[in-house]
Amino acid sequence: MPPYDCMFLFKPHIRKEAVLDLVARVGKHVSRRNGVVTDVKNLGPVQLGYGIRKLDGRYYQGLLMQLSMMATPEINKELHYLNKEDRLLRWLLVKQRKTSFGLDLLGEEGRFELSKFSQLSKLEDEDEDEDDEEYEVNEEENKVN
């Protein structure tokens with residue numbers, strides 16, 4: 001599943017509970033479709049470069065939120081119900097390009113380095129077992145009279 005960022009621009013007078021409600025509803029929609037929400041960020045109030053006209057007036061400020069997720073490519077079509085949401089000024093779904101995860105992130109050289117790391121951790125585990133006796137503390141010394 002490719003990673004996506006969904007940006008929400010809310011009207012500035014919307015209560016925090018209503019903002020969280022809408023973001024949670026989108027997150028539940030993603031998880032029902034076997035997706036995963038990876039991050040939610042509140043980017044705070046923003047001053048807009050131009051006014052966005054809605055039925056209830058023109059807005060020059062907004063509250064910006066970012067929802068990062070991993071979802072199927074059909075998520076773009078499924079989120080179009082947000083167009084009718086009157087708490088939002090705008091929303092945008094952006095697919096993250098050229099991102100790699102896990103061992104793909106390390107590349108061929110990184111995999112070699114990772115194997116060295118696992119060998120080092122085995123050596124450290126063996127060494128720690130031998131040193132346990134040095135750090136044992138007598139319970140009598142810890143008692144407070």
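Bear in mind the structure is a predicted one, so any value in this text is a computation, not a measurement.
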Atom [atom1] of [X] with >12 non-hydrogen neighbours under 6.0 angstrom:
| X | atom1 | value |
| --- | --- | --- |
| Asn34 | CG | no |
| Arg58 | CZ | yes |
| Lys41 | NZ | no |

Separation between [atom1] of [X] and [atom2] of [Y], rounded to the nearest 0.5 Å:
| X | Y | atom1 | atom2 | value |
| --- | --- | --- | --- | --- |
| Asn42 | Leu63 | CG | CG | 5.0 Å |
| Met69 | Ser31 | CE | OG | 11.0 Å |
| Leu89 | Leu9 | CG | CG | 4.5 Å |

Min side-chain heavy-atom separation [X]-[Y] under 4.5 Å:
| X | Y | answer |
| --- | --- | --- |
| Val30 | Val36 | no |
| Leu93 | Met7 | no |
| Asn83 | Leu88 | no |
| Val19 | Arg87 | no |
| Leu92 | Val94 | yes |
| Asn76 | Tyr4 | no |
| Tyr81 | Arg25 | yes |
| Leu82 | Val26 | yes |

List the atom of [X], the atom of [Y], and the distance in Å for their closest heavy-atom pair.
| X | Y | result |
| --- | --- | --- |
| Met65 | Val40 | CE-CG1, 4.0 Å |
| Cys6 | Phe8 | SG-CZ, 3.4 Å |
| Trp91 | Leu79 | CZ2-O, 3.4 Å |

Partners passing ring pair (Phe, Tyr, Trp, His ring centres under 6.0 Å) against Tyr50 (at least two apart in sequence or in another chain):
none

For Ile75, the option from His29, Met70, Met1 that meets side chain to side chain contact (heavy atoms under 4.5 Å, CB included):
His29

Considering only residues two or more places apart or on different chains, which pairs with a residue in residues 62-81 satisfy salt bridge (charged side-chain N to carboxylate O under 4.0 Å, His left out)?
Arg33-Glu78

Should the pair Asp5-Lys95 be classified as a salt bridge under the 4.0 Å nitrogen-to-oxygen rule?
no

Should the pair Glu85-Lys11 be classified as a salt bridge under the 4.0 Å nitrogen-to-oxygen rule?
no

Using the ring of each side chain (for Trp, its six-membered ring), is Tyr59 parallel, tilted or perpendicular to His13, with breaks at 30° and 60°?
parallel

